[in-house]
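As structure tokens, the structure follows; a few thoughts come after it.
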Amino acid sequence: MVKSINSDGLIVAKPRLYRPRFPLKGLLAVLFLGFLFKGFLFAYLGEAEYVERVAALEGGSVLEQAGAWIMQPDPVTVMAAGGIGTILP
């Protein structure tokens, strides 16, 4: 409740408007960390091993197929792997 005082001194209570907001910053953080994780795996395993493991997931259950679709190497993953590859020994 939001309370205010009118010019005549009367206290008026009005309900506060509820506007749920979508957590955009949280979603962007999760996406960023997801691409960073994929890039790390791509850099650590190498392109051939990474693609082989994703291909193995494609032959599995529906959940594994969904994981394979998410883990496909995309340009952002390859770019992140290039940056991470300079850090890894």
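Here the structure is a predicted model, which is why all the values come from computation and not from measurement.
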Those residues at least two apart in sequence (or on a different chain) that pass side-chain contact (heavy atoms from CB on, under 4.5 Å) with Ala43 are Ala81, Ile84, Leu88

Once ring pair (Phe, Tyr, Trp, His ring centres under 6.0 Å) is applied, what residue pairs with a partner in residues 8-27 remain, sequence neighbours excluded? none

Cluster companions of Leu17 among Ile, Leu, Val, Met, Phe, Trp, Tyr (side-chain spacing under 4.5 Å): none

About how many Å separate CZ of Arg53 and CG of Leu41, when rounded to the nearest 0.5 Å? 8.5 Å

Got a sec, which residues hit side-chain contact (heavy atoms from CB on, under 4.5 Å) with Ala13, two or more places apart in sequence or on another chain? Met1, Lys3

Are Met71 and Tyr44 connected into the same hydrophobic cluster when the rule is that any two of I, L, V, M, F, W, Y join if their side-chain heavy atoms are below 4.5 Å apart? yes

Connected to Leu24, directly or through other members, by ILVMFWY side-chain contacts below 4.5 Å are Leu28

Under 3.5 Å, side-chain donor or acceptor atoms of residues 30-40 against the rest of the protein: list the pairs with distances, not counting sequence neighbours.
| unit_1 | atom_1 | unit_2 | atom_2 | d |
| --- | --- | --- | --- | --- |
| Lys38 | NZ | Ile70 | O | 2.9 |
| Lys38 | NZ | Gln72 | O | 3.1 |
| Lys38 | NZ | Asp74 | OD2 | 2.8 |
| Lys38 | NZ | Thr77 | OG1 | 3.4 |

What donor-acceptor contacts under 3.5 angstrom involve side-chain atoms of residues 61-68, with partners at least two apart or in another chain?
| unit_1 | atom_1 | unit_2 | atom_2 | d |
| --- | --- | --- | --- | --- |
| Ser61 | OG | Glu64 | N | 3.4 |
| Glu64 | OE1 | Ser61 | N | 2.9 |
| Gln65 | NE2 | Gly60 | O | 3.2 |

So ring pair (Phe, Tyr, Trp, His ring centres under 6.0 Å) across residues 48-89, not counting sequence neighbours, yields Phe42-Tyr50

Who else is in Ile11's hydrophobic cluster (ILVMFWY, side-chain heavy atoms under 4.5 Å, direct or via others)? Ile5

Could you note down all residue pairs passing salt bridge (Lys or Arg N to Asp or Glu O under 4.0 Å) where residues 8-31 supplies at least one of them, sequence neighbours left out? none

Tracing side-chain links under 4.5 Å among I, L, V, M, F, W and Y, which residues wind up in one group with Leu10? Val12

Can you list the residues that meet the salt bridge (Lys or Arg N to Asp or Glu O under 4.0 Å) rule with Glu52, with sequence neighbours excluded? none

